[in-house]
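Order of listing sets the numbers, starting from 1, for every ligand and every atom in it. It should be emphasised that the depicted structure is a prediction, and the values quoted were computed from it without experimental measurement.
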Amino acid sequence: MTTVIPIESQNNALALQVGKDQRVGIIYFGTKLNNASEYQHAPGMYHRGDDYSGILNSAYTPAGSRNLVEPAIQVTHANGNTSLDLQYVSHQVQTTENNVSTTSIKLKDPKYALEVTLYYKVYRNEDVIEQWSVIKNNEKGNITLHKYASANLYLSADSYWLKHYHGDWAKEMQTEEVRLTSGIKVLDTKLGTRANLYQPPTFMVSLDKPATEDEGRILYGSVEWTGNFRVDLEVDPLNNLRVIAGINPFASDYSLAPKQEFTTPAFLYTYSEKGKGDASRKLHRWARNYRIMQGNGSRLTLLNNWEATFFDFNENKLAELIRDTKKLGVDMFLLDDGWFANKYPRNSDKAGLGDWQENVQKLPHGIGYLVKEAQNNDVKFGIWVEPEMVNPKSELYEKHPDWVIRQPGREEHLYRNQLVLDLSNPKVQDFVYGVLDNIMTKNPNVAFFKWDCNAVIYNAHSAYLKKQSHLYVEYVRGLYKVLERFRAKYPNLPMMLCSGGGGRVDYAALKYFTEFWLSDNTDPLERIFIQWEYSYFFPAISHDNHVTDWGKQPIKFRTDVAMMGKLGFDIVVSQLEPKDLKFCQDAVITYKGISDLVWHGDLFRLANPQENDYASLMYVNEAQNRAVMFNYQTSSRYGSGTLSPIKLKGLHPDKKYTVKEINLYPDTKSTITGTTAYSGNYLMTIGFNPNLNTKRTSVILEINEQK
Ligand code: DGJ
């Protein structure tokens, strides 16, 4: 007798089978069947040749026994033996709430007292699964984990197409799509802190052929870990795709004492047979409902001073900017880097980081004065911190050299003149927590934090840890401890996840943050592409977009692009031409009117800028009676523009809608006035032309049901 364990969501199924030999394998991944008893027949339909190990489809591939391919787990037992076999013990399903259930499957080595439990948490309506494992050492001595993946998937298709990302500062989310060939493609990072700088832990795989926006079989995956991750995508000798994802085992052998458990982070995935759009809408819904802090809430529009002043400011200048915040009409003033440190004042990025006392030259009356100024102007006050890092030129470094990650006896190597503090050390955790807690204790009306993180880990060595190979893991655990503690005391304070631009964003960190900074590259043309690629994985409510002076485009174009997420400004308001200022003020009001659609609506991508001379996308509310469509010209070639209508999506075919251009520059008129009503059927079949061309480069359309 074999047992089948179907793990099903609204549309999908992952079917596991306990074989006669008690080993658990994956026998199906895809659209759910009407009758779960039929999953068992699926493997018989594939004639792909012999699996010489019998465990090629393992649900969690152990190394050192019969396995011949990339393992999910590799250990050395207490007696030095390196073999591992895992056999089924039991399984259970627990329903925590209506929409969420978790299947757990306990496995055990028949010869060694080592236990692994696989967890599959299913969010039914969103077709999302979070998968992780718990490894327990019941042996008499320490065991060493060399590899300890979160998840191991096994997919069967004719071909596999991987869309993945790479990047650098100001070049986040550069994408490529490649056909996976036999062997292993590895996505990983070894940077330790700002893991995404070179490569984010998010990717998608199309099955059989590259999926399009509305068609095709597609898996989205992401490792929920704010540190070194690794994803192995192995096309095995039988042309199946094995996906093994989790913490990067690089330099991270982990020692487990008797009775100790290791809980891996989760690997998150969703699957759709209706293309990339459907998959991302499902992921967005999951993120808003279950993950991002206040995912269904609202966000604060803001004026940030980073690009407006850099480090060159004082109390008076900031008071002026606070008045400008009010003038602009946004909700909050956000004070950026440069407000702290006295012995080594933070007047550039070369000194002062770590010394979190107000700089007495710049802020003689402290943060409290600025918070008051903000209150007097009826706006909120937010503040920048970068608590995990230190400049060697700082009092913190002088007092606590042992708190810094660095190799004894080796030359220090700096990233943006910084080193990383050793968050595996509880004292450092207290310090990092204290940076935020002290600000809040002294200034309870601070309304927002921007948490930055600029340095990567070089010379990985902790003066605190006994086992150096635990550092990368314990750093991230330390970070989570700090964030947990912060959230226990300040559960609702909005906070931006920032990392020298977008060097750090993942779905574990977003438990603690309301939003993230996508990139320091705010050139709106570049930004269209960056925001577009992030939008596959993260909903617009989490995207922080600021209007800056990057790029040559007019203020309208820059603002229209920033309005696709949470709108902010980082410009010198007092230097704006009167008409530009009026436009920005009006835009803030317009944004307030459409932000519920951007933040909570479903995203439909209409025209991909990688394939067209323009980009177009829209957000539709759940009732399908309101929508907003953003359109941008991305080519300046002669004659380029929307020569044909763009088909809308997500509307109700039988409803009638008016289409009106909004966010117009002062004294300009549009021919799109909202006087004609079109059926949803018309707008989705024939489409609508926003009339983009090289002289009319950005157009926002408001779509309202006509009753
Ligand atoms: C990097 C961030 O991405 C910027 O927005 C700014 O906060 C600087 N750090 C400040 O040093």
> Should you measure from each heavy atom of G500, which atoms of ligand 1 turn up under 4.0 Å away?
1 (C), 3 (O)
> Quick check on side chain to side chain donor-acceptor pair (under 3.5 Å): which of D452, N304, N305 does W384 satisfy it with?
D452
> If you measure from each non-hydrogen atom of K450 to ligand 1, which part falls under 4.0 Å: side chain, backbone, both or neither?
side chain
> State, without any angle test, whether N443 and N445 hold a side-chain donor-acceptor pair at a distance under 3.5 Å.
no
> Using heavy atoms and a threshold below 4.0 Å, how should the contact between N454 and ligand 1 be classified: side chain, backbone, both, or neither?
side chain
> Any idea how Y619 and F630 line up, ring-wise: parallel (<30°), tilted (30 to 60°), or perpendicular (>60°)?
perpendicular
> With a cutoff of 4.0 Å, is R416 in contact with ligand 1, counting heavy atoms of the residue only?
yes
> Answer yes if the side chains of N521 and R527 hold a donor-acceptor pair under 3.5 Å, and no otherwise.
no
> Kindly indicate whether a cation-pi arrangement holds for K380 with F333, taking the cut-offs as under 6.0 Å to the six-membered ring centre and within 45° of the axis.
no
> Need the ligand 1 atom indices (1-based, order shown) with element for anything under 4.0 Å from a heavy-atom of W384.
7 (O), 10 (C), 11 (O)
> List the closest protein heavy-atom neighbour of atom 11 (O) of ligand 1: residue, atom name, distance to the nearest 0.1 Å.
D337 OD2, 2.7 Å
> Among all protein heavy atoms in this structure, tell me which lies nearest to atom 3 (O) of ligand 1, with the distance rounded to 0.1 Å.
D520 OD1, 2.5 Å
> For atom 2 (C) of ligand 1, which candidate among D544, N304, D452, T548 provides the closest heavy atom?
D452
> Quick check on contacts: which atoms of ligand 1 are under 4.0 angstrom from a heavy atom of W517?
3 (O), 5 (O)
> Counting only heavy atoms closer than 4.0 Å, does ligand 1 sit against the backbone of C498, its side chain, both, or neither?
side chain
> Quick check: S499 and ligand 1, any N/O pair under 3.5 Å apart?
no
> For T697, which residues count as a side chain to side chain donor-acceptor pair (under 3.5 Å) partner, sequence neighbours excluded?
none
> Aromatic ring centroids of F381 and F448 under 6.0 Å?
no
> Counting the benzene-type ring for Trp, do W517 and W451 have ring centres under 6.0 Å apart?
no
> Do the numbers put R487 on top of the ring of Y512, so that NZ or CZ is under 6.0 Å from the six-membered ring centre and no more than 45° off the axis?
no
> If the cut-off is 4.0 Å to any non-hydrogen atom of D336, which atoms of ligand 1 fall inside it?
6 (C), 7 (O), 10 (C)
> Taking the non-hydrogen atoms of D349, is any one of them nearer than 4.0 angstrom to ligand 1?
no
